[in-house]
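Read the structure below first, then the notes.
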Amino acid sequence: MSGGIMHPFGSAFSLRMIGGIAAAATVWTGSVSTGSDDIAPVPEAGDVISAQPLTNAAVLPSAARSESVSYVSENGSGNPIVVTGTVAIPPGTAPEGGWPVLSWAHGTTGIADECAPSRDTVDGPVHDYVGAVSATLDQWVQDGYVVVQTDYEGMGTPGDHTYLNARSESNAVTDIVRAARHLDPAVGSRWVVGGHSQGGAAAISTSELAVDYAPELTLLGAISVAPGSGLSQTPAYIKSGNPAIAPALAFFPLTLLGAAAADSSIKPEEIATAEAEPLMAAARTGCIADIRAAIPSVPVDKAIRPEADLGPWTAYLAAQEPASASPKVPVLVAQGTTDQLVTPDATDVVVKSLQDKGAQVELRTYEGADHRASVAASLEDAQAFAASLR
């Protein structure tokens with residue numbers, strides 16, 4: 001097959017791969033001609049489009065096999081999309097039933113393609129964060145887990161990233177487990193979702209949505225580290241213009257552009273001022289450090305147009321709140337006591353909301369751990385939690 005890759009699953013995989021390459025830039029619309037009388041089937045969620053050895057800084061060093069993959073998933077509206085990510089398979093022989101899986105949802109790196117964790121390099125724009133998290137995830141590989149990591153919708157693929165969209169992120173996190181099982185039959189069906197910050201919220205959403213979305217898989221539980229919350233407060237908080245909100249301006253373009261990518265009724269140009277363009281431009285082409293670097297150039301009280309209707313944006317963010325989820329599996333929430341980005345009080349609100357619905361949620365706190373440090377600080381408890389579910 002010209003332009004394809006050899007794969008042990010044979011012609012069915014090849015047909016799906018051809019369809020994937022043909023439609024990779026957009027949402028799937030139907031069958032794709034292969035140049036013969038055969039018509040490729042509409043790709044299914046979890047189908048692998050491409051796979052190649054991973055060689056950059058995203059490699060988890062303890063893995064026997066590391067793959068960069070693109071695969072089919074579904075966006076928040078249920079339309080098929082292409083997503084990228086990585087698969088790390090441990091050395092040795094898989095246990096009976098296959099390797100257990102940790103599907104990791106990453107924290108905020110940005111919304112541009114270069115911010116995708118699968119593209120990480122030692123001198124890259126997100127290595128300070130991704131590299132530190134990778135060191136923790138490598139411990140899971142050493143513990144005998146396949147570790148899969150999605151980049152989410154629109155990061156590393158054409159189209160915009162629907163930042164914080166609960167259903168899209170949950171689907172991407174789930175479908176990369178399916179993709180890993182297509183890549184290697186030794187990958188089992190029993191899995192745990194974990195995530196940090198943006199990904200911590202995604203892990204909670206996944207704890208509800210993945211059970212019915214992928215019934216052939218067995219989701220055992222969710223690990224949510226410093227889950228982002230209070231999302232719907234962002235528009236009014238930014239519009240207040242209080243000088244104290246300056247550090248939060250980094251999340252203004254991310255939440256606005258991410259919402260607009262998912263909901264066409266939200267118009268960034270009708271909300272952001274001309275003075276805020278440095279922030280918007282940095283978000284479109286750079287990563288989180290670039291956005292933060294642009295903050296001093298934007299008057300804190302002139303980011304949002306005075307006449308802007310914040311209703312649709314606020315409503316969209318409210319619908320993505322992790323506190324609105326109803327987990328169907330046990331959840332471990334991990335929180336650092338000195339976290340200034342996701343405060344302990346904010347996480348307490350999320351935990352109480354979930355528990356009030358009858359969800360099995362346990363909160364662990366880590367004295368002195370800030371936002372990033374909470375990932376490594378919670379490793380031992382996270383692994384013990386996952387082991388207890390197996």
Side-chain angles (χ1 to χ4, degrees), residues 3-7 17 20-21 24-25 48-73 81-91 99 101-143 145-159 161 163 169 172-173 175-177 179-180 182-184 187 194-199 202 283-291 372 375-376 379:
I5 60 174
M6 296 301 293
H7 194 279
M17 187 184 69
I21 292 172
V48 177
I49 295 169
S50 66
Q52 58 186 2
L54 186 67
T55 58
N56 60 13
V59 170
L60 300 184
S62 296
R65 178 183 178 190
S66 298
E67 298 281 339
S68 172
V69 300
S70 61
Y71 61 98
V72 180
S73 188
I81 54 172
V82 178
V83 183
T84 55
T86 61
V87 176
I89 298 175
W99 297 112
V101 182
L102 169 69
S103 187
W104 182 258
H106 67 82
T108 299
T109 57
I111 59 175
D113 286 347
E114 68 171 340
C115 313
S118 69
R119 298 190 177 193
D120 187 36
T121 59
V122 292
D123 58 352
V126 297
H127 186 66
D128 60 331
Y129 170 69
V130 173
V133 173
S134 291
T136 297
L137 295 180
D138 192 61
Q139 298 294 311
W140 286 88
V141 176
Q142 293 180 28
D143 202 31
Y145 283 81
V146 169
V147 175
V148 297
Q149 301 180 66
T150 183
D151 289 329
Y152 304 136
E153 174 185 1
M155 293 186 69
T157 52
H161 174 43
Y163 181 67
E169 292 180 356
V173 164
D175 287 325
I176 197 169
V177 179
H182 285 313
L183 280 178
D184 192 328
V187 178
H196 173 237
S197 194
Q198 173 187 0
R284 291 187 184 100
T285 60
C287 299
I288 188 66
D290 301 295
I291 304 170
R372 292 189 175 184
V375 177
L379 173 63

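Positions are given from 1, in the same order as the sequence printed here. No experiment lies behind these values; they were computed from the predicted model shown.
The distance from atom CD1 of Ile111 to atom OG1 of Thr285, rounded to the nearest 0.5 Å, is 9.5 Å. Rounding to the nearest 0.5 Å gives a distance of 14.5 Å between CZ of Arg284 and CG of Asp290. Once rounded to the nearest 0.5 Å, the distance linking CG of Asp113 with OG1 of Thr84 reads 8.0 Å. To the nearest 0.5 Å, the span separating OG on Ser103 from CD1 on Ile176 amounts to 6.0 Å. Atom OG1 of residue Thr86 and atom CG of residue Leu54 lie 6.0 Å apart, to the nearest 0.5 angstrom.
No donor-acceptor pair closer than 3.5 Å links the side chain of Thr109 to the backbone N or O of Ala116. The backbone N or O of Asn56 lies less than 3.5 Å from no partner atom in the side chain of Asp120, so there is not a single donor-acceptor pair.
Annotation for Val48 and Ala179: closest pair CG2-O, 3.5 Å, computed over non-hydrogen atoms. Val177 and Val173 make their closest contact through CG2-O, 3.7 Å (heavy atoms, listed as atom of the first residue, atom of the second, distance). Between Gln198 and Glu169, the closest heavy-atom pair is NE2-OE2, 2.8 Å. Shortest non-hydrogen contact noted between Ala63 and Ala88 is CB-CB, 3.8 Å. Looking at every heavy atom in both residues, Ala180 comes nearest to Val187 through O-CG2, 3.6 Å. Taking every heavy atom of both residues into account, Ala58 and Ser118 meet most closely at CB-O, 4.0 Å.
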Intermediate values then yes/no, side-chain contact (heavy atoms from CB on, under 4.5 Å), Cys115 and Met155: CA-CA 7 Å; Cys115 313; Met155 293 186 69; 3.8 Å; yes
CA sep, side-chain torsions, deciding dist, call: Val375, Trp104, side-chain contact (heavy atoms from CB on, under 4.5 Å): CA-CA 12 Å; Val375 177; Trp104 182 258; 4.3 Å; yes
Working for side-chain contact (heavy atoms from CB on, under 4.5 Å), residues Leu60 and Val147: CA-CA 9 Å; Leu60 300 184; Val147 175; 3.9 Å; yes
Residues Leu183, Glu67; criterion side-chain contact (heavy atoms from CB on, under 4.5 Å); working and verdict: CA-CA 9 Å; Leu183 280 178; Glu67 298 281 339; 4.2 Å; yes
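With hydrogens and angles left out, the side-chain atoms of Thr108 and Tyr129 include no donor and acceptor closer than 3.5 Å. Between Ser50 and Ser70, the side chains place a donor N or O and an acceptor N or O closer than 3.5 Å (distance only, hydrogens not considered).
A salt bridge does not link Arg119 to Asp151: none of the charged side-chain nitrogens sits closer than 4.0 Å to a carboxylate oxygen.
Under the 4.5 Å side-chain criterion, counting only non-hydrogen atoms from C-beta, Asp175 is not in contact with Val72. Contact annotation: the side chain of Val146 approaches that of Val87 to within less than 4.5 Å [non-hydrogen atoms, C-beta and beyond]. Residues Glu114 and Cys287 meet the side-chain proximity criterion, which asks for heavy atoms closer than 4.5 Å. Side-chain atoms of Gln149 and Leu137, non-hydrogen and from C-beta on, do get closer than 4.5 Å to each other. Side-chain contact check for Trp140 versus Leu379: some heavy-atom pair is nearer than 4.5 Å.
Between Tyr152 and His161, the ring planes lie parallel to each other; the angle is under 30°, not in the 30° to 60° tilted range.
Contacts of Asp138 classified as side-chain hydrogen bond (donor to acceptor under 3.5 Å, both in side chains), with partners at least two apart in sequence or in another chain: Ser62, Gln142.
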